[in-house]
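Some notes on the structure that comes next.
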Amino acid sequence: MDRKCFQDCKRLVVKVGTSSITYPTGKINLGKMELMVRELSDLHNSGRELILVSSGAVGAGIGKLGSTPTSMPQKQAIAAVGQGLLMQMYEKLFSEYSKCIAQVLLTRDCFSNPARYMNSRNTIFALLEYGVIPIVNENDTVAVEELKFGDNDRLSAMVACNAEADLLIVLSDIDGLYDSDPRQNKGARLISEVSTITEAMEANSRSRGSSMSSGGMFTKLVAARMTMANGIPMVIASSDERDAVRRIAGGEKLGTFFIPHRESYAPKRQWLAVGSEPRGSLTVDVGAEEALLRKGKSLLPSGVVRADGEFEVGDVVSIRGLSGRELARGIVNYTCDETRKIMGRHSSEIAGLLGSCDYEELVHRNNMALLESS
Ligand code: GLU
């Protein structure tokens, strides 16, 4: 895939981080926000559909209250103050260009529950049909740990998949992925295109973001893995770059482009890859990894070396390689206890081991979504 095709992308998701729209004090950076809104409004005028995923609630709340949260309830309270301010500012700026916006606040369970996954999607589609620009954030005020996305990078990738976007642009305080940390190494080089996210890249990127946002390069790579697996191109670029969104959407080589692995998945598979929360995980040997990723095969008990977690028939499980990296997710045909009895054994032995054999496969290909390139 070439960046030129971005010119034809109809539906764009743009993610802006806290540091892109607020000062380090948390006060809103009006100059940057105004420029961005103008640019997005212009793109919208040119016929593109836009979804903005905006952080900044906690930052703006800190700016207003003049206090930094030290506990979860304080952070949630501050987000409640800041989210209103953020939307007030977006409303004011977008209405100058006669644009209608909508606030969409999501928690993790909007995606993990398949019915709610479809529901969020339909709401976004309806908003886009009305010509509205949805502005999405995590519902920080109610999102306790188990309901959290954790960061807006992941959230933006989930929204891009859920809304069947043609392109995700993540604007940040860094202009892309480097071959080493540019803050520590002056000779670090920007990587312009990535077709596979390696474990080494992930290990290099595990540093924290700013004090007000949750992300960093690691969460951006998690987001990129998700979009790549779901057929959506993603670009990370600097929010300091003038007109970055318009230029990227025009095919210009800015930032780092993460090339998708395949065509986008149909909604059921997409939910598996994006929204589902696995109840357990199956570790597979090298032969099974090869069969899944490169030969389009189902997962048979013989290729499984370990089963973790408590799961029932029909639950979603992660399928992992020997290094622990998640390769795929799928719906499992046997319970965890049954799986532990039949793993490492040939399918012809299932009936003897369990008393009957309903399925030869542990996870059928049709009920599986790959997260790695094939
Ligand atoms: N949802 C948080 C906020 O609006 C930001 C999370 C993040 O930046 O990743 O402040």
Side-chain angles (χ1 to χ4, degrees), residues 13-38 40 51-95 101-108 110 133-159 170-175 183 205-220 222-223 236-241 244:
V13 175
V14 178
K15 187 257 169 180
V16 281
T18 302
S19 56
S20 305
I21 49 169
T22 61
Y23 289 105
T25 55
K27 300 272 186 219
I28 289 178
N29 185 331
L30 291 169
K32 277 183 97 172
M33 213 166 160
E34 255 172 27
L35 283 175
M36 178 183 73
V37 167
R38 187 182 131 96
L40 294 183
I51 300 169
L52 178 61
V53 177
S54 177
S55 304
V58 175
I62 292 174
K64 178 82 174 183
L65 295 177
S67 143
T68 310
T70 52
S71 66
M72 187 64 161
Q74 282 180 0
K75 193 170 178 186
Q76 294 186 308
I78 281 175
V81 172
Q83 180 64 27
L85 286 171
L86 201 62
M87 289 309 293
Q88 182 193 25
M89 197 48 71
Y90 277 127
E91 179 64 48
K92 176 176 151 60
L93 297 175
F94 273 111
S95 62
I101 59 165
Q103 169 178 264
V104 179
L105 295 179
L106 300 171
T107 45
R108 182 70 185 84
C110 300
I133 301 176
I135 302 186
V136 182
N137 196 358
E138 175 156 14
N139 194 352
D140 294 307
T141 303
V142 300
V144 285
E145 216 44 60
E146 60 275 19
L147 289 182
K148 269 182 139 354
F149 293 99
D151 60 86
N152 278 11
D153 295 321
R154 249 176 280 225
L155 171 64
S156 68
M158 288 188 177
V159 167
V170 174
L171 295 181
S172 176
D173 50 7
I174 185 155
D175 46 7
R183 287 166 300 192
S205 68
R206 282 184 188 271
S207 61
R208 292 281 305 155
S210 76
S211 57
M212 282 182 282
S213 67
S214 319
M217 191 46 77
F218 180 70
T219 57
K220 289 178 181 55
V222 174
I236 300 178
S238 167
S239 60
D240 286 331
E241 198 72 58

Working note: Ile51 + Val136, criterion side-chain contact (heavy atoms from CB on, under 4.5 Å); need CA distance, chi angles, decisive distance, verdict. CA-CA 7 Å; Ile51 300 169; Val136 182; 3.8 Å; yes
What I'd like to find out is whether the side chain of Leu171 reaches to under 4.5 Å of the side chain of Val14, using heavy atoms alone. yes
Going by atom types only, do Ser55 and Asn152 share a side-chain donor-acceptor pair under 3.5 Å? yes
Over all heavy atoms of both residues, which pair between Thr219 and Arg154 is shortest? Give the atoms and the distance, please. CG2-NH2, 3.6 Å
Do Glu138 and Leu105 make a side-chain contact, defined as non-hydrogen atoms from C-beta onward lying under 4.5 Å apart? no
Ser67 side, atom OG; Gln74 side, atom CD - distance, nearest 0.5 Å: 6.0 Å
Please collect all salt bridge (charged side-chain N to carboxylate O under 4.0 Å, His left out) contacts where either partner lies in residues 14-35, sequence neighbours excluded, each pair once. Lys15-Asp153, Lys32-Asp240
If you look only at pairs with a residue in residues 77-88, which of them pass as a salt bridge (charged side-chain N to carboxylate O under 4.0 Å, His left out), with sequence neighbours excluded? none
With sequence neighbours left out, the residues meeting side-chain hydrogen bond (donor to acceptor under 3.5 Å, both in side chains) with Asp175 are Tyr178
Would you say the side chain of Met217 lies within less than 4.5 Å of the side chain of Ile236, judging by non-hydrogen atoms? yes
For Ser156 against Val170, the heavy-atom pair lying closest together: OG-CG2, 4.3 Å
Please report the C-alpha distance between Lys75 and Asp140 in whole Å, then the side-chain angles of each, then the deciding distance to 0.1 Å, and finally whether the side-chain contact (heavy atoms from CB on, under 4.5 Å) criterion is met. CA-CA 8 Å; Lys75 193 170 178 186; Asp140 294 307; over 6 Å; no
Does Ala102 have any side chain to side chain contact (heavy atoms under 4.5 Å, CB included) partners at least two apart in sequence or in another chain, and if so, which? Leu127, Val132
Taken in chain and number order and not counting sequence neighbours, the residues that satisfy side-chain hydrogen bond (donor to acceptor under 3.5 Å, both in side chains) with Glu91 are none
Residues 78-90 side chain polar contacts: donor-acceptor under 3.5 Å, at least two apart:
unit_1, atom_1, unit_2, atom_2, d
Gln83, OE1, Asn137, ND2, 3.0
Gln83, NE2, Gln103, OE1, 3.1
Tyr90, OH, Ser54, OG, 2.8

Rounded to the nearest 0.5 angstrom, the CG-CG distance for Asn139 and Leu106 is 8.0 Å
Is the shortest heavy-atom distance from the side chain of Val37 to the side chain of Leu35 under 4.5 Å? no
How long is the span from the OG1 atom in Thr25 to the CD1 atom in Ile62, to the nearest 0.5 Å? 9.5 Å
Taking only residues two or more places apart in sequence, or in another chain, which ones meet Ser20 in a side-chain hydrogen bond (donor to acceptor under 3.5 Å, both in side chains)? Ser239
Does Ser71 have any side-chain hydrogen bond (donor to acceptor under 3.5 Å, both in side chains) partners at least two apart in sequence or in another chain, and if so, which? none
What residue among Val53, Val16, Ile101 forms side-chain contact (heavy atoms from CB on, under 4.5 Å) with Ile135? Ile101
